[in-house]
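Quick notes on the structure that follows.
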Amino acid sequence: MIDQQVSLRGGAACLPVRPRTGRYLVLAAVFICAACGLVYELELVALASYLIGDSVTQASVVLSVMVFAMGVGSLLAKRLRSRAAVGFGLIEGALALVGGSSALVLYASFAWIGESRYALVGFSLTIGILIGAEIPLLMTLIQRVDRQDAGGAVADLFAADYVGALVGGLAFPFLLLPMLGQLTGALFTGAVNAAAGGALVLWVFRRDLSPRSRWLLIVFNVAVIAVLAVATALVDDFERAARRAVYGDGVRVAVQTEVQEVVLTGSGRSSLDLYLDGRLRVSARDEYRYHEALVHPAMNGPHARVLILGGGDGLAAREVLRYPDVRDVTVVELDRGVTRLARTDPALSELNGHAFRDPRLTAVTADAFNWLRAAHGSYDVVISDLPDPGISTSTKLYSAEFYGLVAEALAPGGRVVVHGGPSVSRPRTFWTVEASMRAAGLRTCPYRTGGRPADSAAGPDRATHRAQRAHGWGFVLAGPGKEPELGLARKAPELRSMTEPELADSGRRTERDRLPGLEPSTLVHPRYWEDR
C-alpha cells in the first residue's frame, strides 16, 4: 500500500531512468502521439472531401465529432488511471491500428459499397475517443516519473501536445501526402504511433508491468505493426483493385499530382474519360457539346487575345485556336500535372488537337484568382473553364470579387463566358453565378445547351454526370457596358443542340427565370451555392 502511494505521488526509484530523463521521454511521446493524432484528423478530412465532396461539410463533421469524442475518451480514461502504463500502451496500439487503417477502410467502403459517410463518422468517433484518453493517462505517467505540481505538469503536457500537433499538421500536406500518398501515409503514421507508445511503456515503465501485461503489450504492438506493414506492402494492389471497382477496367493513368488525383480511362481518343479527384471532368463522347457551347458564343467579336482560366486539358484552347485571327492564347491552370498530361498523353493530346504545340498558346501554372490580381494586360475574351461551382474549394473562383478582377482584365468591348453548372437540376447554383457577375458590374446573358440522353458513367460522380448529360450545361456570357450580343461567330457542324435564336430567347428570359431574392456569392458567403 505504501509502495502504491509513493508510486502515485511520483516516486522515481522504480524507474530505469533518472526522473528528468523520464520526464523528457514522456513529453517526447506526447509530441509524437499528438502529431500522429492530427495526421489522422487531416487524413479523414482530405479523404472524405475526395470521396464525398463538399470539403466544408466534411471538415465540420470530422472535427466536431472528434472533439466530442475526445471528451468522452477523457472521462472513460479515469477508470484506467490505476493502471496508467498498460492502459496507455493498449490505447496507443489501438489508435495506431484504427488510425493507420482508416484510409484503407474508407476507400474500400466507397469503392465496393458506394457509401463512406457512416465509416467516416465511425472512425472520427473511435479515433477521437482514443486521442481523448491519452492526456489523463499521460498526466498520471508524468507525475509518476517526476515530482511536479499538477499545474506545471499540465503546462508541459499541453505545450508538447500543441507543438506536436503543429508538426503533424505541417507534415501531412508537405511531406506525407506528396511523398507517400493518403493510404501509405496513414499506414506509416500508425506504425510510428505504435512504436512510440509501445517503446515508452515497455522501457520507461516496464517495472510497473506484470509479466502478463508486458507480454500482452509486446504481442499486441508487434501484431499492430505487422498488420500495418503487410497493408503497406499490398497498398498498390489494393489501389488498383479499388480504382477498377470505381472507374471500371479501363484505368490507364492514375497519378497523384501536387493538387489532386488525376485518372485517365479508355484506350483511345473516342473512349477517353478524365477524372480529377474522382469527379468526371472530360468525357470524349460528349465533351465537344460543352466546349463548343462554352467557347464559340464568346468569340463573336474581337478575339485577338484570349485568356482561358483553368482548361488545363487543352480542350477549350482547341476551340479557340480554330480561329486563324487569334494571335495570343494564355491558359492559366493550377495543376501542372494536368497540362503535362494534356501535352504528353497520346489520347488526350489527340483529343485536344495538340493545342499545346501551337506557338500562339502560352501555359501558366498559377491560381487563377491570384494571377488576375497581378496586372497582365487586357484580353478580348476571357473563358472561365474552372471546376464545378458547387465544390466548396472553388467558391472564390465564382465570387463577385473574382468577377471584378475578370472585368478589370477585359479590353473595351471584351466578353467573358463562365460555366455556371446545370441550370435545370441545380438552378440556385447557376443563378448565383449570374448574380455574382452582375454584382461585379457585368451585363449578363445566360444560356444553356442540351445534353444527349444519359448513359452509364463510371467514377464517384456518375449520378451528377448523368444529370448533366440529361439536362445539359448552363453558361453565362457577360461583358462591361451594354448587354453582350449572343451568337456563334463560326458555328461548328456538331453543335446542333444550340442555335442562335435559342440563345437570344434565353437572354430575353433572364429576368423572368431568375430566382427571387438571390444574393451574389462572395468570399465570405459560400452558403449561396446550396441548392434547395
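Model, not experiment: these values are computed from the prediction. Nothing fancy with the numbering, it's 1 onward along the sequence.
Taking CZ of Phe172 as the reference point, atom CG of Leu38 lies at 9.5 Å (rounded to 0.5 Å). Here the CG atom belonging to Leu274 is positioned 8.0 Å from the CG atom belonging to Leu280, to the nearest 0.5 angstrom. Atoms OH and CD, on Tyr107 and Glu239 in that order, are 7.0 Å from each other to the nearest 0.5 Å. Between the CG atom in Asn370 and the CZ atom in Arg373 there is a gap of 6.5 Å [rounded to 0.5 Å]. Rounded to the nearest 0.5 angstrom, Leu137 CG and Ile91 CD1 are separated by 5.0 Å. Between Leu315 atom CG and Ile308 atom CD1 the span is 10.0 Å, to the nearest 0.5 Å.
No side-chain N or O of His296 forms a donor-acceptor pair with one of Glu292 less than 3.5 Å apart. At a cut-off of 3.5 Å, with distance as the only test, no side-chain donor of Glu115 or Ser109 sits close to an acceptor on the other residue.
The two residues Phe205 and Val26 make their nearest non-hydrogen contact at CZ-CG2, 4.0 Å. Smallest separation of non-hydrogen atoms from Ala34 and Ala165: CB-N, 3.9 Å. For the residue pair Ser271 and Ala284, the shortest heavy atom distance occurs at N-CB, 4.5 Å. Taking all atoms of both residues into account, the shortest heavy-atom contact from Leu397 to Ala368 is CD2-CB, 4.3 Å. Heavy-atom minimum distance, Ala96 versus Gly190: CB-O, 3.0 Å. In this structure, Phe369 and Ser399 approach most closely via the heavy-atom pair CE1-OG, 4.4 Å.
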- Let me see the working for Thr330 and Trp371 under side-chain contact (heavy atoms from CB on, under 4.5 Å), right down to the final yes or no. CA-CA 12 Å; Thr330 302; Trp371 190 86; 4.2 Å; yes
- Does the pair Val331 and Leu361 meet the rule for a side-chain contact (heavy atoms from CB on, under 4.5 Å), with working shown? CA-CA 7 Å; Val331 177; Leu361 187 146; 4.0 Å; yes
- Message: Before you tell me yes or no, could you show the steps for Met66 and Val62 under side-chain contact (heavy atoms from CB on, under 4.5 Å), namely the whole-Å CA-CA distance, both residues' side-chain angles and the distance that decides it to 0.1 Å?
- Response: CA-CA 6 Å; Met66 290 192 75; Val62 170; 3.8 Å; yes
- Message: If you apply the rule side-chain contact (heavy atoms from CB on, under 4.5 Å), what do you find for Ser384 with His419, and how did you get there?
- Response: CA-CA 7 Å; Ser384 180; His419 167 233; over 6 Å; no
- Query: Would Glu333 and Thr365 count as a side chain to side chain donor-acceptor pair (under 3.5 Å) if you check the C-alpha gap in whole Å, the side-chain angles of each, and the deciding distance to 0.1 Å?
  - Reply: CA-CA 5 Å; Glu333 168 62 48; Thr365 301; over 6 Å; no
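Between the side chain of Ser116 and the backbone N or O of Ala119 there is no donor-acceptor pair closer than 3.5 Å. A distance-only check finds no donor-acceptor pair linking the side chain of Thr126 to the backbone of Phe123 [under 3.5 Å]. Listed for the Arg318 side chain is a donor-acceptor partner under 3.5 Å among the backbone atoms of Leu351. Not one N or O on the side chain of Ser213 forms a donor-acceptor pair closer than 3.5 Å with the backbone of Leu209. Using a distance-only test at 3.5 Å, with no hydrogens or angles considered, no donor-acceptor pair links the side chain of Asp286 to the main chain of Arg289. The main-chain N or O of Ala342 is found under 3.5 Å from a side-chain atom of Asn352 such that the two form a donor-acceptor pair. In this structure, the side chain of Arg206 engages the main chain of Trp203 through a donor-acceptor pair within 3.5 Å. Judged by distance alone, the side chain of Glu92 and the main-chain N or O of Gly197 form no donor-acceptor pair under 3.5 Å. Formation of a donor-acceptor pair under 3.5 Å by the Thr257 side chain with backbone atoms of Gly337 is not found in this model. Asn221 contributes a side-chain N or O that, together with a main-chain N or O of Leu217, makes up a donor-acceptor pair within less than 3.5 Å.
Put simply, the side chain of Tyr403 does not reach to within 4.5 Å of the side chain of Val416, judged on heavy atoms. Counting only heavy atoms from C-beta outward, the side chains of Ser124 and Val61 never approach each other to under 4.5 Å. With a 4.5 Å cut-off on side-chain heavy atoms, Cys33 and Phe88 count as touching. Within the 4.5 Å cutoff, no side-chain heavy atoms of Leu234 are placed close to those of Phe238. Between Asn193 and Tyr40, some side-chain heavy-atom pair lies under the 4.5 Å cut-off. Contact of the Val262 side chain with the Val253 side chain is not registered, since no non-hydrogen atoms from C-beta on lie closer than 4.5 Å. Residues Cys36 and Val192 form a side-chain contact, since some pair of their non-hydrogen atoms from C-beta on lies under 4.5 Å apart. Residues Met70 and Ile129 fail the side-chain proximity criterion, which asks for heavy atoms closer than 4.5 Å.
Here Tyr290 and Phe475 bring their ring centres to under 6.0 angstrom of each other. In this structure, the ring of Phe158 has its center less than 6.0 angstrom from the ring center of Tyr162.
The residues Asp358 and Arg360 are annotated as salt-bridged, a charged nitrogen and a carboxylate oxygen being separated by less than 4.0 angstrom. Glu261 and Arg243 are joined by a salt bridge, as a carboxylate oxygen and a charged side-chain nitrogen come within less than 4.0 angstrom of each other. Salt-bridge formation is detected for the pair Arg285/Asp273: a Lys NZ or Arg NE/NH1/NH2 atom is positioned less than 4.0 Å from an Asp or Glu carboxylate oxygen. Using a 4.0 Å cut-off between a side-chain N of Lys or Arg and a carboxylate O of Asp or Glu, Asp345 and Arg252 qualify as a salt bridge.
A side chain to side chain contact (heavy atoms under 4.5 Å, CB included) with Asp367 is found for one member of Leu309, Val332, Leu334, Leu372 and no other, namely Leu334.
Atom CZ of Phe220 has more than 12 neighbouring heavy atoms from other residues, nucleotides or ligands inside a 6.0 Å radius.
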